[in-house]
Amino acid sequence: LLSRLGQLDELETLLQKAEVVVGMKKSQICHEYGILHELRGAYMEAANYYQNAILHSLLNADIASYQAALERCLLKLELTEGEERLENRE
C-alpha cells in the first residue's frame with residue numbers, strides 16, 4: 001500500500017523492521033525491497049532483490065510473479081541505459 005501511495009521512506013522503514021520479525025517470509029520482504037528500489041529508479045538494485053525473492057521462495061506462483069517483476073525491471077534498466085547512450089551522443 002505504501003508503495004502505491006508513493007510513501008517510499010515509510011515503506012523502507014517498515015521493511016527494515018520486518019526483516020527481524022520471526023515468521024516473515026524473506027521472499028516477500030525481498031520482493032517489497034525490489035518494488036521500493038524500482039520505484040526509485042534503482043533498477044539494478046531492484047533486480048537483485050527480485051532475484052533474491054526467487055531464491056528464497058518455494059511457491060511456484062510467487063516465483064512466477066517475482067520473475068515477471070525481474071523481467072520488467074531488467075527491461076527498464078535496458079531502456080534507461082539506452083537513453084543515457086543517446087544523450088551522450090547529443
Side-chain angles (χ1 to χ4, degrees):
L1 178 61
L2 292 174
S3 61
R4 291 185 196 138
L5 297 175
Q7 298 176 347
L8 302 182
D9 291 336
E10 291 87 347
L11 174 60
E12 187 168 25
T13 299
L14 286 176
L15 289 173
Q16 290 168 349
K17 291 177 182 179
E19 288 181 284
V20 297
V21 174
V22 176
M24 291 295 297
K25 287 175 39 178
K26 185 157 178 90
S27 62
Q28 184 61 39
I29 292 171
C30 289
H31 181 246
E32 292 295 330
Y33 268 118
I35 292 169
L36 170 73
H37 290 293
E38 184 177 355
L39 290 173
R40 287 182 171 164
Y43 301 121
M44 183 58 75
E45 195 165 352
N48 288 333
Y49 275 107
Y50 291 140
Q51 287 176 338
N52 283 326
I54 291 168
L55 293 173
H56 287 93
S57 182
L58 298 174
L59 300 174
N60 290 335
D62 287 349
I63 290 171
S65 175
Y66 303 153
Q67 178 67 32
L70 175 60
E71 290 172 5
R72 179 187 66 240
C73 195
L74 291 175
L75 175 61
K76 289 179 181 182
L77 179 62
E78 183 179 316
L79 290 172
T80 57
E81 287 175 349
E83 286 177 5
E84 288 173 8
R85 277 183 252 139
L86 286 174
E87 289 173 0
N88 289 336
R89 287 184 181 176
E90 295 176 354

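What you see below is based on every heavy atom in this structure, not just the backbone, and it leaves out hydrogens, waters and symmetry mates.
Atom OH in Y66 sits 12.0 Å away from atom CG in L55 (nearest 0.5 Å). I63 contributes atom CD1, which lies 12.0 Å from atom NE2 of H56 (distance to the nearest 0.5 angstrom).
Each of I54 and L75 belongs to its own hydrophobic cluster when Ile, Leu, Val, Met, Phe, Trp and Tyr are linked at side-chain heavy-atom distances under 4.5 angstrom. Both M24 and L15 are assigned to one and the same hydrophobic cluster, defined by single-linkage of ILVMFWY side chains at heavy-atom distances under 4.5 Å. Put simply, L59 and L70 are part of two different groups of oily side chains (I, L, V, M, F, W, Y) that touch within less than 4.5 Å, one to the next. V21 is connected to L11 through a chain of hydrophobic side-chain contacts under 4.5 Å among Ile, Leu, Val, Met, Phe, Trp and Tyr, so both are in one cluster.
The aromatic rings of Y50 and H31 are tilted relative to each other, their planes meeting at an angle between 30° and 60°.
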Worked verdict on R40 versus E12 for salt bridge (Lys or Arg N to Asp or Glu O under 4.0 Å): CA-CA 11 Å; R40 287 182 171 164; E12 187 168 25; 3.1 Å; yes
message: Quick one, E19 with Y33, criterion side chain to side chain donor-acceptor pair (under 3.5 Å). Give me CA distance, side-chain angles, the key distance, then yes/no.
response: CA-CA 11 Å; E19 288 181 284; Y33 268 118; 3.0 Å; yes
message: Using the rule given for side-chain contact (heavy atoms from CB on, under 4.5 Å), can you reason through I35 versus E32, listing the C-alpha separation, both sets of side-chain angles and the distance that settles it, and then say yes or no?
response: CA-CA 5 Å; I35 292 169; E32 292 295 330; 4.0 Å; yes
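At distances below 3.5 Å, at least one donor-acceptor pair connects side-chain atoms of T13 with backbone N or O atoms of D9. Panel note: side chain T80, backbone L77; a donor-acceptor pair is recorded below 3.5 Å.
The closest side-chain heavy-atom distance from Q51 to N48 is below 4.5 Å. Within the 4.5 Å cutoff, no side-chain heavy atoms of I29 are placed close to those of K26.
Screening residues 53-69 for salt bridge (charged side-chain N to carboxylate O under 4.0 Å, His left out) gives K25-D62 as the qualifying pairs, with residues at least two apart or on separate chains.
Taking each heavy atom of A46 and C73 in turn, the nearest pair found is CB-SG, 3.5 Å.
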